[in-house]
There are 4 protein chains.
Amino acid sequence: MLASVPSRPTFKRLPRAVREQQMLDAAVRVFARRGFHAASMDEIADEAGISKPMVYAYLGSKDDLFRACVNQEGTRLLESIVAVVRDDLPADEQLWRGLRGFFGFVGAHREGWAVLYRQASGRQPFAADIAALRGRIVEVVAGMLGRAVLASGGTEAREPDLTASAYALVGAAESVADWLADHPEADPDHSAARLMNFTWLGARQLLQGELWQPSSA
Amino acid sequence: MLASVPSRPTFKRLPRAVREQQMLDAAVRVFARRGFHAASMDEIADEAGISKPMVYAYLGSKDDLFRACVNQEGTRLLESIVAVVRDDLPADEQLWRGLRGFFGFVGAHREGWAVLYRQASGRQPFAADIAALRGRIVEVVAGMLGRAVLASGGTEAREPDLTASAYALVGAAESVADWLADHPEADPDHSAARLMNFTWLGARQLLQGELWQPSSA
Amino acid sequence: MLASVPSRPTFKRLPRAVREQQMLDAAVRVFARRGFHAASMDEIADEAGISKPMVYAYLGSKDDLFRACVNQEGTRLLESIVAVVRDDLPADEQLWRGLRGFFGFVGAHREGWAVLYRQASGRQPFAADIAALRGRIVEVVAGMLGRAVLASGGTEAREPDLTASAYALVGAAESVADWLADHPEADPDHSAARLMNFTWLGARQLLQGELWQPSSA
Amino acid sequence: MLASVPSRPTFKRLPRAVREQQMLDAAVRVFARRGFHAASMDEIADEAGISKPMVYAYLGSKDDLFRACVNQEGTRLLESIVAVVRDDLPADEQLWRGLRGFFGFVGAHREGWAVLYRQASGRQPFAADIAALRGRIVEVVAGMLGRAVLASGGTEAREPDLTASAYALVGAAESVADWLADHPEADPDHSAARLMNFTWLGARQLLQGELWQPSSA
DNA sequence: CATGAATGAGTTTTCATTCAT
DNA sequence: GATGAATGAAAACTCATTCAT
């Protein structure tokens with residue numbers, strides 16, 4: 001154990017898979033820190049400890065690279081949710097676990113979230129990727145809501161209503177998550193619980209037929 | 001008659017205030033269309049039908065210009081909400097009107113909304129401005145929520161809870177607005193009502209003390 | 001006349017037309033000197049005594065710029081030929097003048113010739129422009145050949161034969177011109193005369209019906 | 001039988017000469033397709049089905065490689081002509097065979113021809129190589145022309161005249177070849193015959209002393 | 001008041017070339 | 001013998017910003 005070779009960090013000639021992952025991680029950090037446009041390939045290469053041509057050789061153009069980041073983080077996010085939801089649990093429990101998974105991801109991967117939400121949502125070429133991701137999440141959430149309504153004795157809800165409610169819920173979650181990402185001292189589980197209550201009680205009332213009516217036109 | 005003032009159409013030489021407004025409006029459009037970084041001063045000048053040096057002379061650097069846009073649109077948004085809310089109305093009516101005001105602004109000024117909300121891209125030098133403005137909006141919404149709760153007989157809610165709920169509400173509203181924009185056949189008031197219900201019923205239950213509790217962990 | 005202002009070369013703020021011409025001329029020189037790919041926009045800007053962004057502002061991309069060069073020099077070449085050919089002259093005289101115009105241009109505008117022939121002929125995006133230019137020249141030459149044949153008592157030649165002969169003649173001329181461009185000491189008129197003889201006598205014999213026949217398959 | 005030589009298909013580990021030839025052929029194709037500057041060593045290595053370092057190990061730098069291509073194709077072209085010309089044939093027959101050999105090479109090795117001829121792009125470091133090679137070709141053609149003239153009873157022609165005629169002939173041939181490539185329905189031998197006639201009759205007349213004289217200037 | 005002309009600095013991207021295995 | 005990994009250098013193109021008129 002003693003007098004071993006002074007282990008310099010294994011600098012050069014790593015296998016492709018390793019380097020690619022290093023680059024992706026560096027890219028996520030830099031995109032989150034600067035935003036897509038302000039991020040420079042130079043800075044990303046620096047952050048990855050590699051030269052720029054390697055980034056291009058392995059991951060392609062800046063757009064390709066960003067898309068790869070979005071896909072990676074998107075997949076991680078989805079997995080964070082899906083991993084904890086189990087079909088054999090009661091509906092409310094499913095929703096609760098999904099929310100915790102979501103907020104847990106945001107709390108633990110601020111950078112990934114910034115890439116997905118603050119960078120990609122608005123930008124033309126990537127908006128589609130994000131929309132697709134959000135669509136998949138909405139689908140999952142709508143399914144959970146539907147089962148939840150049935151379970152709590154409601155009549156079967158029309159699908160458009162469920163989808164719209166899911167959009168609202170996902171939007172609310174995104175917004176809260178965004179706030180969470182800027183407040184590291186906040187507790188993700190607390191946010192999850194608050195939103196769960198909001199959602200669960202409101203949705204239950206609403207979908208069970210109680211309605212608020214505007215008193216005037 | 002000869003040598004009289006050559007009456008070129010008085011297109012140009014507008015008073016400063018008018019020109020500044022033209023520029024700001026053009027800038028809002030371009031920033032919304034492209035995002036801050038991708039927007040070029042050239043395109044903004046073009047959109048305003050004026051030459052670039054004028055933009056610099058009147059509104060200063062690109063950063064200054066963006067800040068001016070944020071302030072203008074933020075003020076407009078706040079006014080859209082405040083203008084329709086009247087303190088002497090019942091709390092739920094206030095919330096309903098506020099929501100419609102908000103929805104109305106987002107629907108009618110998507111560009112302004114994009115500038116205010118979508119540009120929350122992290123560490124730009126004016127991120128503080130945006131954060132402050134979003135803070136003020138959330139504050140207003142939180143205030144409405146709080147009064148609504150009190151009015152409907154709830155106990156006074158803690159402020160962080162209200163703020164978080166306001167974030168959720170704003171996020172839900174934006175998400176629904178996005179969905180609306182993609183579904184022109186849908187009725188905005190229907191969406192507004194659905195969100196109102198969601199909010200009102202959920203908030204009422206929640207803040208009146210009923211709580212959903214996780215059954216485990 | 002005396003004590004005039006020491007006329008520093010009028011450096012800056014030239015009107016657009018002048019600057020554009022300066023740039024085009026510089027570009028022709030650099031493209032001729034280095035070839036399309038090896039020519040850098042930096043060097044072109046330097047040669048024009050202007051900064052790179054001006055080149056892009058006025059003439060567009062490197063491709064655009066090159067195309068502009070090709071068009072300018074192509075037009076000049078065509079004009080060099082057309083300007084000296086007069087329809088009321090005998091056919092052989094027309095051909096002779098056309099050849100002299102062609103070789104005269106090449107002798108006087110080596111750079112333009114290099115741009116047209118050595119750079120543009122092979123390169124995919126510009127080959128079409130050159131093909132069109134060559135087509136127009138061939139057309140003119142075929143017309144001259146046709147009238148020449150008629151004038152010297154031949155039967156009317158079939159058009160494909162004329163076109164093919166014109167292609168051969170133009171190709172021959174291009175090749176000789178290319179040689180000429182590399183031998184500044186050579187006399188363009190001498191080359192013109194030699195090719196004229198070659199063409200005129202050969203074409204006359206050929207088109208009057210005399211044929212060389214291979215003795216074996 | 002166990003532990004015998006693991007018979008991987010003997011694809012790789014070819015002897016050096018074979019590999020070198022593969023590389024040269026690939027390089028010729030790529031240089032012809034893209035031109036010298038636009039051709040990348042990557043594409044050449046790919047086309048040869050080998051890795052880049054091998055190209056460098058066997059054939060040296062890009063310049064070296066191009067020079068090798070020029071030499072190979074030049075030799076092949078010369079051989080195509082020389083192989084079919086036999087000194088004991090009549091002069092016109094020699095010229096005819098030479099022409100057909102030339103045409104045959106250009107038709108069958110357009111890539112080689114492009115490398116040799118179209119890349120005459122001025123001042124590259126190996127312009128000298130190309131010029132030398134073209135010079136040798138022209139020399140051969142000029143020789144044939146000269147012998148043809150003598151054989152048909154003309155006075156000995158001056159060498160510059162022959163050289164210039166050879167340039168014209170080569171240029172005419174290339175131009176016709178280009179035209180042929182665009183008109184697949186045309187008969188190559190027909191074109192060859194037409195050019196032979198053009199050349200033969202014109203040259204005979206010209207070099208036997210008949211001259212066209214400009215009537216003016 | 002208003003603008004065409006001009007540029008320094010920085011961005012993405014590519015390429016010939018070389019090591020270490 | 002053969003190659004995947006790696007890079008320095010340079011090229012095309014853009015942009016915020018400023019004079020001189």
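Because the structure is predicted, anything quoted here is derived from the model rather than measured. Each chain gets a letter, A, B and so on, in the order its sequence line appears, and its residues count up from 1.
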What is the distance, rounded to the nearest whole Å, between atom [atom1] of [X] and atom [atom2] of [N]?
X	N	atom1	atom2	value
B:Ile44	F:dC15	CD1	C1'	12 Å
C:Glu43	F:dA12	CD	P	10 Å
C:Arg34	F:dA12	CZ	C1'	17 Å
A:Leu14	F:dT3	CG	C1'	17 Å
C:Leu59	E:dA5	CG	C1'	15 Å

Ranking D:Met54 and A:Ser51 by the position along DNA chain F of their nearest nucleotide, the one closer to 5' is D:Met54
Give each stem of DNA chain F as a range with a range, requiring at least 3 consecutive Watson-Crick or G-U wobble pairs whose two distances are under 3.5 Å. E:2-21 with F:2-21
Using OP1 and OP2 only, check whether a side-chain N or O of D:Tyr58 sits under 4.0 Å from F:dA2. yes
Can a side chain N or O of A:Arg19 be found less than 4.0 Å away from OP1 or OP2 on F:dG4? no
Rounded to the nearest 0.5 Å, what separates atom [atom1] in [X] from atom [atom2] in [Y]?
X	Y	atom1	atom2	value
A:Phe31	A:Leu24	CZ	CG	10.0 Å
A:Asp129	A:Phe66	CG	CZ	9.0 Å
D:Leu59	D:Met54	CG	CE	10.0 Å

Main-chain N/O of A:Phe36 paired with A:Lys62 side-chain donor or acceptor, under 3.5 Å: yes
Salt bridge or not for B:Arg33 and B:Glu43, using N-O below 4.0 Å? yes
Do the side chains of D:Asp25 and D:Arg76 get close enough for a salt bridge, i.e. N-O under 4.0 angstrom? yes
Under 4.0 Å protein heavy-atom contacts per nucleotide of nucleotides 9-17 of chain E, with B for base, S for backbone only and - for none: ---BBBBSB
For residues C:Asp46 and C:Val30, determine if any side-chain heavy atom of one lies less than 4.5 Å from a side-chain heavy atom of the other. no
Can you tell if the side chain of A:Ile44 reaches within under 4.5 Å of the side chain of A:Arg29, non-hydrogen atoms only? no
Taking atom types as they are modelled, is there a donor-acceptor pair under 3.5 Å from the base of F:dC19 to the side chain of C:Arg13? yes
Name all residues meeting the ring pair (Phe, Tyr, Trp, His ring centres under 6.0 Å) criterion together with A:His109; count only those two or more places apart in sequence or in a different chain, and write none if there are none. A:Phe105
Sugar-phosphate only, base, or nothing, as touched by C:Arg16 at under 4.0 Å among non-hydrogen atoms: sugar-phosphate
